[in-house]
Each structure stands twice: as C-alpha cells, then as structure tokens.
Colleague: 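Take this structure first; my questions come after.
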Amino acid sequence: MPATVSFTVESPTGKHPVSVVYERRGSGEPLLLLHGIGHHRQGWDPVLHILAAERDVIAVDLPGFGESPALPEGVPHDLATVVPVLGGLCKALELGRPHVAGNSLGGLLALAMGRDRLVRSVTALAPAGFWSPAERRYAFGLLRGMRAGARILPPTVVERLSRSTAGRAVLVSSIYARPGRRSAEGAAAETLALREAAAFWPTLAAGRPVVFTDDIPDMPVTIGWGTRDRLLIPRQGVRAKEAIPGARLVRLPGCGHVPMSDDPALVARVILDGSRTPAAA
C-alpha cells in the first residue's frame with residue numbers, strides 16, 4: 001500500500017515543505033526506484049516482486065507525478081531542486097545511502113544522485129541527458145505528442161483501448177517494444193498518469209538545457225539501454241559510457257524505452273547485479 005512522507009528540503013530557492021508518495025516492499029539493502037517523466041511508480045510493478053525478494057524496495061512518485069503533489073509554486077522542477085528532494089526523502093525514511101535505479105528522467109536523477117554521493121550504486125535505464133540537440137528535439141516532440149494524446153482521449157476510451165493488444169499499442173507503443181505484455185490496468189493507469197501529471201511541462205522545460213557530462217568515479221554505475229528504444233535512441237548509451245568510463249553498459253535486447261514490462265526478468269537481474277556492492281561507509 002502507498003504511504004506519504006513529508007519533510008523540509010533546502011533548495012536554491014530556500015527551504016520548502018515537500019510530500020512524496022511511495023510504496024515499500026521487501027527486505028535487505030535499500031533500493032530506491034525512480035520513474036520517468038509523465039510516468040508513475042507503478043511502472044516498476046513488473047519487476048517489483050523480483051527485486052523485493054532481495055532488496056528493501058522503495059518505489060516513489062516523483063514530485064508532480066503520480067500521487068505526489070508538485071513542488072511549491074515558484075520552485076523549479078529541475079536537477080538542482082529535485083536531487084536534494086530525493087536526498088531529503090532518503091533522510092526522512094532513514095535509508096542512509098541506498099542503491100538507486102532510475103528510468104529515463106529517473107535515470108538522469110539517479111546519476112545526479114550518484115555524482116552527489118547520495119547513493120552507493122546507480123543503475124540508469126535509458127537515462128535522459130545524453131542526447132544530441134537533434135535527438136533532444138525529437139524526444140521532446142514525441143513526449144509532447146504523447147501528452148497531447150493522453151489529454152485528448154476521454155478516460156472511458158482509454159479504458160476500452162487498454163482491453164486489447166491493439167488498443168494497448170495505441171496507448172503505450174511509444175515507450176514499450178512489446179505493448180501487449182503490459183497489463184490492461186497498467187496501460188490505462190499510466191496513460192491517465194501522463195494526462196494528469198502536474199509537473200510535466202515544468203520538468204520538460206527544465207530538461208531542455210540538460211546534458212550530463214560528469215564522471216562518477218569510485219562508484220558502481222550500470223547503464224542499460226533497450227535495443228528498440230524509440231524515444232531515446234540506443235546510441236546515446238555509447239555517449240553515457242564515454243562520459244562515465246567506469247560504467248557497465250548493458251544492452252537490453254528487444255526492450256523499448258521503459259524496459260521493465262518488456263523483459264522483467266532481464267531488467268531485474270541487471271538492477272540486482274548492479275546493486276551487489278559492499279556497504280558504503
């Protein structure tokens with residue numbers, strides 16, 4: 001069942017109250033899961049039970065997505081603000097320095113947390129921030145189209161489309177290589193999450209100038225990329241490896257941009273392998 005934690009965080013604009021909704025399962029070393037723009041914590045559901053068998057898993061709704069409220073008015077949804085929010089979340093939940101795995105925007109946030117030494121290992125699945133200008137324009141255009149489609153479709157139509165494989169392809173084929181593997185409930189819920197995401201536009205605007213170029217030395221970093229990613233094309237993984245030479249770059253055959261549903265066993269194994277590290281001091 002989801003829970004809510006509230007805390008105060010320091011940001012470049014001062015101290016602000018923040019509330020984050022999360023779901024926690026399993027036992028073992030803590031593992032924080034971060035979703036992408038317009039998505040929600042339930043995107044991790046296909047792998048959650050596998051991860052929870054070996055880890056204390058905390059799947060969060062990022063501020064302004066899913067059930068988490070947006071940041072206070074005037075507070076930007078950018079890396080300089082959201083990364084400290086996630087650090088504050090770790091303190092509030094007494095996680096110490098957890099392992100972290102993120103997808104897309106969540107992958108970028110996970111890498112930034114690694115850079116700032118807030119975590120002990122990073123697994124980034126198709127992380128944002130390694131695009132060329134043309135690739136960013138393409139990705140942002142596709143995201144805007146996905147948002148427009150989610151806003152236009154009435155919820156009753158979304159629910160009806162989700163009942164068939166062909167309908168799920170209409171709803172989520174931009175992010176899944178195998179949309180038929182996504183459950184009807186999952187496809188409908190994430191379409192509605194994209195429709196209602198309060199932080200979608202502020203987050204997209206904040207991401208426009210972002211290019212991640214920082215190395216993350218002396219920390220286990222795994223970068224996974226689906227071979228059928230239609231949003232952030234796989235060659236961006238090579239750039240990520242160039243920026244972070246010590247990272248392990250893993251191909252995810254047959255997977256799209258959100259690989260957790262396309263191949264749950266493979267993705268769970270990549271995350272667990274990436275988080276098998278000695279406890280950090």
Colleague: Quick check: does any side chain N or O of H35 sit under 3.5 Å from a backbone N or O of L62, one acting as donor and the other as acceptor?
Modeller: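 Yes: the side chain of H35 pairs with the backbone of L62.
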Colleague: Validate the cation-pi geometry between R136 and F140: distance from NZ or CZ to the six-membered ring centre under 6.0 Å, angle to the ring axis within 45°.
Modeller: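 Here R136 passes the 6.0 Å and 45° test against F140.
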Colleague: Using atom types as modelled and distance alone, determine if a side-chain donor or acceptor of R160 lies under 3.5 Å from a backbone N or O of G167.
Modeller: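 A pair under 3.5 Å: no.
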Colleague: With a 4.5 Å cut-off on side-chain heavy atoms, are R228 and P234 touching?
Modeller: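 Contact flag for P234/R228 side chains = no.
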Colleague: I'd like to know whether L118 forms a side-chain contact (heavy atoms from CB on, under 4.5 Å) with L86, so could you lay out the CA-CA distance, the side-chain angles of the two residues, the decisive distance to 0.1 Å, and finally the verdict.
Modeller: CA-CA 9 Å; L118 298 175; L86 294 172; 5.9 Å; no
Colleague: Quick one: are V270 and T123 in side-chain contact, heavy atoms under 4.5 Å?
Modeller: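 V270 vs T123: side chains touch.
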Colleague: Quick check against the 3.5 Å criterion: does T203 have a side-chain atom that pairs as donor or acceptor with the backbone of A199?
Modeller: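 It does hold such a pair.
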Colleague: Do V21 and L32 sit in one hydrophobic cluster, given that two such residues count as connected whenever their side-chain heavy atoms are within less than 4.5 Å of each other, even indirectly?
Modeller: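 No, it is not one cluster - the side chains of V21 and L32 are not joined through contacts under 4.5 Å.
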Colleague: Counting only N and O atoms by type, is there a donor-acceptor contact under 3.5 Å from the side chain of R178 to the main-chain atoms of D262?
Modeller: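 The answer is yes, because a donor-acceptor pair under 3.5 Å joins these two groups.
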Colleague: Strictly distance-based, threshold 3.5 Å: is any side-chain N or O of R25 a donor or acceptor partner for the main-chain N or O of L48?
Modeller: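 No; zero donor-acceptor contacts below 3.5 Å.
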Colleague: Is any side-chain heavy atom of F65 closer than 4.5 Å to one of H40?
Modeller: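 Side chain of H40 against side chain of F65, heavy atoms only: no contact under 4.5 Å found.
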Colleague: Apply the test side-chain contact (heavy atoms from CB on, under 4.5 Å) to residues I58 and L31: give CA-CA distance (whole Å), side-chain angles for both, the deciding distance (0.1 Å), then the verdict.
Modeller: CA-CA 6 Å; I58 305 95; L31 170 63; 5.9 Å; no
Colleague: Just verifying a value: how many Å separate C255 SG and D263 CG, rounded to the nearest 0.5 Å?
Modeller: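 That separation rounds to 5.0 Å.
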Colleague: Nearest 0.5 Å please: distance from the CZ atom of R182 over to the OG atom of S162.
Modeller: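 Reported value, rounded in 0.5 Å steps: 11.0 Å.
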Colleague: In this structure, would V18 and V5 fall into the same cluster of hydrophobic residues linked by side-chain contacts under 4.5 Å?
Modeller: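 V18 and V5: one cluster.
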Colleague: Could you please spell out the steps behind the side-chain contact (heavy atoms from CB on, under 4.5 Å) verdict for H77 and L71?
Modeller: CA-CA 7 Å; H77 286 261; L71 296 173; 3.6 Å; yes
Colleague: In the single-linkage hydrophobic clustering (I, L, V, M, F, W, Y; side-chain heavy atoms under 4.5 Å), do V170 and V172 co-cluster?
Modeller: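 Shared cluster, yes.
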Colleague: For R144, does the CZ atom sit with more than 12 other heavy atoms under 6.0 Å from it, leaving out its own atoms?
Modeller: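 Yes.
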Colleague: Evaluate E185 against R163 for salt bridge (Lys or Arg N to Asp or Glu O under 4.0 Å), listing each step before the verdict.
Modeller: CA-CA 8 Å; E185 297 80 5; R163 296 176 200 161; over 6 Å; no
Colleague: Between P179 and R181, is there a side-chain heavy-atom distance shorter than 4.5 Å?
Modeller: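 No, too far: nothing below the 4.5 Å cut-off.
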Colleague: From L111 CG over to M219 CE, what is the distance, rounded to the nearest 0.5 angstrom?
Modeller: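 So the gap between those two atoms works out to 10.5 Å.
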Colleague: Decide whether T222 and R248 meet the rule of one side-chain donor and one side-chain acceptor closer than 3.5 Å.
Modeller: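 Note: T222 and R248 side chains meet the donor-acceptor criterion.
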Colleague: Is the closest side-chain heavy-atom distance between D273 and V250 below 4.5 Å?
Modeller: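 Side chain of D273 against side chain of V250, heavy atoms only: no contact under 4.5 Å found.
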Colleague: Within the distance-only criterion (no hydrogens, no angle test), does the side chain of T4 pair as donor or acceptor with the backbone N or O of V20 below 3.5 angstrom?
Modeller: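 Not at all, since once roles are kept as given, no pair shorter than 3.5 Å links the two residues.
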Colleague: Quick check against the 3.5 Å criterion: does D215 have a side-chain atom that pairs as donor or acceptor with the backbone of I244?
Modeller: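 No, because the side chain of D215 does not come within donor-acceptor range (under 3.5 Å) of the backbone of I244.
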Colleague: Let me confirm one number: the OG-CZ distance from S19 to F7, rounded to the nearest 0.5 Å.
Modeller: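 That separation rounds to 8.0 Å.
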Colleague: Any side-chain donor paired with an acceptor under 3.5 Å for H257 and S104?
Modeller: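 Yes, side-chain donor-acceptor contact under 3.5 Å.
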Colleague: Looking at L272, is its backbone amide N or carbonyl O close enough to the side chain of S275 to form a donor-acceptor pair, meaning the two atoms are under 3.5 Å apart?
Modeller: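 Checking the backbone N and O of L272 against the side chain of S275, a donor-acceptor pair under 3.5 Å is found.
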Colleague: Show, in sequence, the C-alpha distance, side-chain angles and deciding distance for E23 and W44, and conclude whether the side-chain contact (heavy atoms from CB on, under 4.5 Å) test is met.
Modeller: CA-CA 11 Å; E23 183 174 353; W44 295 99; over 6 Å; no
Colleague: Starting from L108, can I reach V238 by hopping between I/L/V/M/F/W/Y residues whose side chains sit under 4.5 Å apart?
Modeller: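 No, V238 and L108 fall in different hydrophobic clusters.
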Colleague: Compare all side-chain heavy atoms of R195 with those of P155 and state whether any distance is below 4.5 angstrom.
Modeller: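 Contact flag for R195/P155 side chains = yes.
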Colleague: Verify the cluster assignment for I233 and L125: are they in a single hydrophobic cluster under the rule of side-chain heavy atoms below 4.5 Å apart?
Modeller: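 As far as the 4.5 Å side-chain criterion goes, L125 and I233 are not connected within one cluster.
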Colleague: Nearest 0.5 angstrom please: Y22 OH to L33 CG, how far?
Modeller: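 Answer for the OH-CG pair, Y22 versus L33, is 14.0 Å.
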Colleague: Is the shortest distance from a Lys or Arg side-chain nitrogen in R239 or E135 to a carboxylate oxygen in the other one below 4.0 Å?
Modeller: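 Yes, charged N to carboxylate O under 4.0 Å.
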Colleague: Is any side-chain heavy atom of P98 less than 4.5 Å from a side-chain heavy atom of C90?
Modeller: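 Yes; the side chains approach each other to less than 4.5 Å.
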Colleague: Do you know the tightest heavy-atom contact between A205 and P209?
Modeller: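 Of all heavy-atom pairs spanning A205 and P209, the closest is O-CD, 3.9 Å.
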Colleague: Please report the shortest heavy-atom distance between P127 and G107, naming the atom on each side.
Modeller: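 So the two residues come closest at CB-C, 3.7 Å.
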Colleague: Is a donor on one side and an acceptor on the other found under 3.5 Å between the side chain of D61 and the backbone of R41?
Modeller: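 Confirmed, D61 side chain pairs with R41 backbone.
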Colleague: Flag the pair W225 / P259 as yes when at least one side-chain heavy-atom distance between them is below 4.5 Å, and no otherwise.
Modeller: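 Result no, sub-4.5 Å side-chain heavy-atom pair not found.
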Colleague: Which heavy atom of P264 sits nearest a heavy atom of I50, and at what distance?
Modeller: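 That closest heavy-atom pairing would be O-CD1, 4.1 Å.
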Colleague: Would you find a donor on one side and an acceptor on the other, under 3.5 Å apart, between the side chain of W131 and the backbone of V210?
Modeller: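 Indeed, once roles are kept as given, a pair shorter than 3.5 Å links the two residues.
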Colleague: Please name the pair of heavy atoms, one in T165 and one in G180, separated by the smallest distance, quoted to 0.1 Å.
Modeller: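 Looking at all heavy atoms of both residues, the shortest contact is CG2-CA, 3.8 Å.
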Colleague: Quick one: CD1 on I223 to CG on L252, what's the gap to the nearest 0.5 Å?
Modeller: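 CG of L252 is found 11.5 Å from CD1 of I223.
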Colleague: Taking atom types as modelled and ignoring hydrogens, do the side chains of E190 and Y176 form a donor-acceptor contact shorter than 3.5 angstrom?
Modeller: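 Short answer, yes.
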Colleague: Looking only at non-hydrogen atoms, find the nearest pair between R168 and S183 and report the distance.
Modeller: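 So the minimum-distance heavy-atom pair works out to CD-O, 3.9 Å.
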Colleague: If the test is side chain to side chain donor-acceptor pair (under 3.5 Å), which one of H99, R97, E29 qualifies with S121?
Modeller: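 Only one of H99, R97, E29 forms a side chain to side chain donor-acceptor pair (under 3.5 Å) with S121, namely H99.
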Colleague: Can you name the nearest heavy-atom pair linking A139 to L232, along with the distance?
Modeller: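 So the two residues come closest at CB-CD2, 3.8 Å.
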